[in-house]
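Step one of this worksheet: look at the structure below.
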Amino acid sequence: MQRALELSELGLGLTAPNPIVGAVIVDDSGETIGEGFHQRVNIGAHAEVIALNAAGKKAEGATLVLTLEPCNHTGKTPPCVDAIIAAGIKRVIFSMKDPNPIAQGGAERLRVKGVEVVEGVLKEKVSFSNRAWLKKIDEKRPYITLKVASSLDGKISAADGSSKWITNEVSRSNVARLRSECDAIVTGTGTVIADDPSLTVRGIVRAGAKFAPTRVVLGKRGIPSGAKLLDDSAPTIHLQTNEISQLIELANSKGWNRILIEAGPTLTGALLKEGLFDELFLYQAPTLLGGNFDFTRDLGLRSISERLDLQLHGVETLGDAQKDLRLHLLAVNS
């Protein structure tokens, strides 16, 4: 199951509107005879079907291990349970039941057909890796990730407004990887005008192909001609509004699982204030800048009892000589 989990995460950012799924087929001796993960570049083939195709006739009598209950409905592809039964798989071990009502029932159908089914293996870890899709299914909105790069005192620019670069090259490469795991990268017109960001994945190749998340600019002001966001390295959508609700509507219409917010203090602060976020990646350089360029606006909190608490999920250092700190924080209710 750990291997299936690792495979599933290769599909991060590549599966919307579907979940990430990994599958491994092993024979009676425990040898892997087929594996796969869901991804758009594979014309939508599901992980278990890719693994079954890799195993071929060896799949008969083998065990299929996968992260999500196999689907039991016809969408863009036939039900995966049909392929599993036809291949002669004798045992299916999966981690997480499918919460999507239209796809449920795979486990029961397999049992009726005489296939042994085991569920719940590594459920907590697999659920966390699929947290974006689960959020979308549960709350009908994408999983919202905030990214901030700042000094130790929470500044995103020096007193004169200069901000390039606060964090080191390793942190910036890490951010590019984070971008590649999301369906869209969102910023505000203020950031576009002030910083002229490109918001690309910096040439990262995923699943054997170049991948470019959609760039979304939120705000009523126009995008300057010649802005990097207007190049052809990735699609760009300009939502000429300040309403976050319209961003959510756009994401839902596109079927996006996860969006990354890389914006200035106004948009970041609005999302924090409304509690409309699920996690925060905070990249901090070991430096102090002072001044008034905080990464968020006033949140309207007036006492310690009103504070906005986050759950610390992970901490790591990035870089060699000049190390940065990366904090992975989760919204308490996420």
Side-chain angles (χ1 to χ4, degrees), residues 6 9-14 144-188 190-217 224 226-236 258-265 267-268 277 279-291 293-296 310 312-330:
E6 292 167 359
E9 291 178 343
L10 295 175
L12 285 168
L14 302 175
I144 300 176
T145 298
L146 305 180
K147 170 259 168 179
V148 172
S150 77
S151 61
L152 280 178
D153 51 346
K155 310 301 178 182
I156 57 174
S157 298
D160 64 355
S162 58
S163 61
K164 193 175 181 176
W165 298 96
I166 295 175
T167 54
N168 63 35
E169 173 60 28
V170 177
S171 289
R172 297 196 293 276
S173 295
N174 190 273
V175 170
R177 171 61 62 175
L178 176 62
R179 289 172 180 167
S180 77
E181 296 175 351
C182 299
D183 301 300
I185 307 164
V186 182
T187 194
T191 298
V192 174
I193 293 168
D195 297 337
D196 191 22
S198 59
L199 300 182
T200 67
V201 298
R202 304 178 71 184
I204 288 176
V205 174
R206 300 286 308 284
K210 290 184 178 180
F211 172 65
T214 300
R215 301 175 293 196
V216 179
V217 180
K228 294 175 183 176
L229 285 173
L230 297 178
D231 66 20
D232 60 359
S233 62
T236 297
R258 184 185 187 191
I259 59 176
L260 176 65
I261 312 294
E262 291 193 57
L267 179 53
T268 300
F277 74 101
E279 66 183 353
L280 165 65
F281 283 94
L282 177 58
Y283 295 81
Q284 285 190 308
T287 187
L288 302 172
L289 290 176
F293 287 95
D294 299 297
F295 72 75
T296 182
L310 304 177
L312 182 61
H313 180 73
V315 181
E316 63 179 302
T317 56
L318 301 173
D320 298 317
Q322 184 80 351
K323 294 183 183 296
D324 291 339
L325 190 66
R326 189 186 88 149
L327 303 179
H328 184 190
L329 302 134
L330 303 177

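Just so you know, these numbers use all the heavy atoms, side chains as well, and skip hydrogens, waters and symmetry mates. All of these numbers come straight from a predicted model, not from anything done at the bench.
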Handout entry: Verdict with reasoning, Asp195 to Lys228, per salt bridge (Lys or Arg N to Asp or Glu O under 4.0 Å)
Key = CA-CA 10 Å; Asp195 297 337; Lys228 294 175 183 176; over 6 Å; no
Practice task
Answer yes or no: is there a side-chain heavy-atom contact under 4.5 Å between Leu260 and Leu178?
Solution key: yes
Exercise for the section: Could you tell me the separation between the OG1 atom of Thr317 and the NZ atom of Lys323, rounded to the nearest 0.5 Å? Expected result: 4.5 Å
Practice task
Among Val148, Ile166, Val170, Asn174, find the residue that satisfies the side-chain contact (heavy atoms from CB on, under 4.5 Å) test when tested with Tyr283.
Solution key: Asn174
Completion exercise
Minimal heavy-atom distance between Gly291 and Lys155, with the atoms involved, is O-NZ, 3.0 Å
Fill in the blank from the handout: In terms of heavy-atom contacts, Phe281 and Thr145 come closest through CD1-CG2, 3.6 Å
Practice task
State whether Asp324 and Arg172 are salt-bridged, where the test is any N-O pair (Lys NZ or Arg NE/NH1/NH2 against Asp/Glu carboxylate O) under 4.0 Å.
Solution key: no
Practice task
State the CD1-CZ distance between Ile204 and Arg179, to the nearest 0.5 angstrom.
Solution key: 9.0 Å
Problem - Polar side-chain atom of Asp153 near backbone of Gly290 as donor-acceptor pair, under 3.5 Å - result: yes
Fill in the blank from the handout: Closest non-hydrogen contact found for Ser150 with Ile156 is CB-CG2, 4.3 Å
Completion exercise
To the nearest 0.5 Å, atom CG of Leu10 lies from atom CG of Leu12 at 8.5 Å
Fill in the blank from the handout: In short, Pro235 meets Ala212 closest at the heavy-atom pair CD-O, 4.1 Å
Handout entry: Thr296 and Asp294: side chain donor to acceptor below 3.5 Å
Key = no
Practice task
Taking only Lys NZ, Arg NE, NH1 and NH2, and the carboxylate oxygens of Asp or Glu, determine whether Glu169 and Arg202 approach each other closer than 4.0 Å.
Solution key: yes
Problem - Donor on one side chain, acceptor on other, Ser198 and Arg215, under 3.5 Å - result: no
Practice task
Check whether any side-chain heavy atom of Val315 lies under 4.5 Å from a side-chain heavy atom of Leu325, and answer yes or no.
Solution key: yes
Practice task
Would you check if the side chain of Thr268 reaches a backbone N or O of Pro265 as a donor-acceptor pair within less than 3.5 Å?
Solution key: no
Completion exercise
Interatomic distance, CG@Leu310 vs CZ@Phe277, rounded to 0.5 Å, equals 5.0 Å
Exercise for the section: Would you name the heavy atoms of Leu318 and Ser171 that are closest together and state the gap between them? Expected result: CD1-OG, 3.6 Å
Problem - Euclidean distance, Leu267 CG relative to Thr187 OG1, rounded to 0.5 Å - result: 7.5 Å
Problem - Asp183 side chain vs Arg258 backbone, donor-acceptor pair below 3.5 Å - result: yes
Completion exercise
Closest non-hydrogen contact found for Pro197 with Leu229 is O-CG, 3.4 Å
Handout entry: N-O pairing of Lys147 and Glu279 below 4.0 Å
Key = no
Practice task
Give, for atom CD1 of Ile261 and atom CG of Leu280, the distance between the pair rounded to the nearest 0.5 Å.
Solution key: 11.5 Å
Practice task
Check step by step if side chain to side chain contact (heavy atoms under 4.5 Å, CB included) holds for Glu262 and Thr191.
Solution key: CA-CA 9 Å; Glu262 291 193 57; Thr191 298; over 6 Å; no
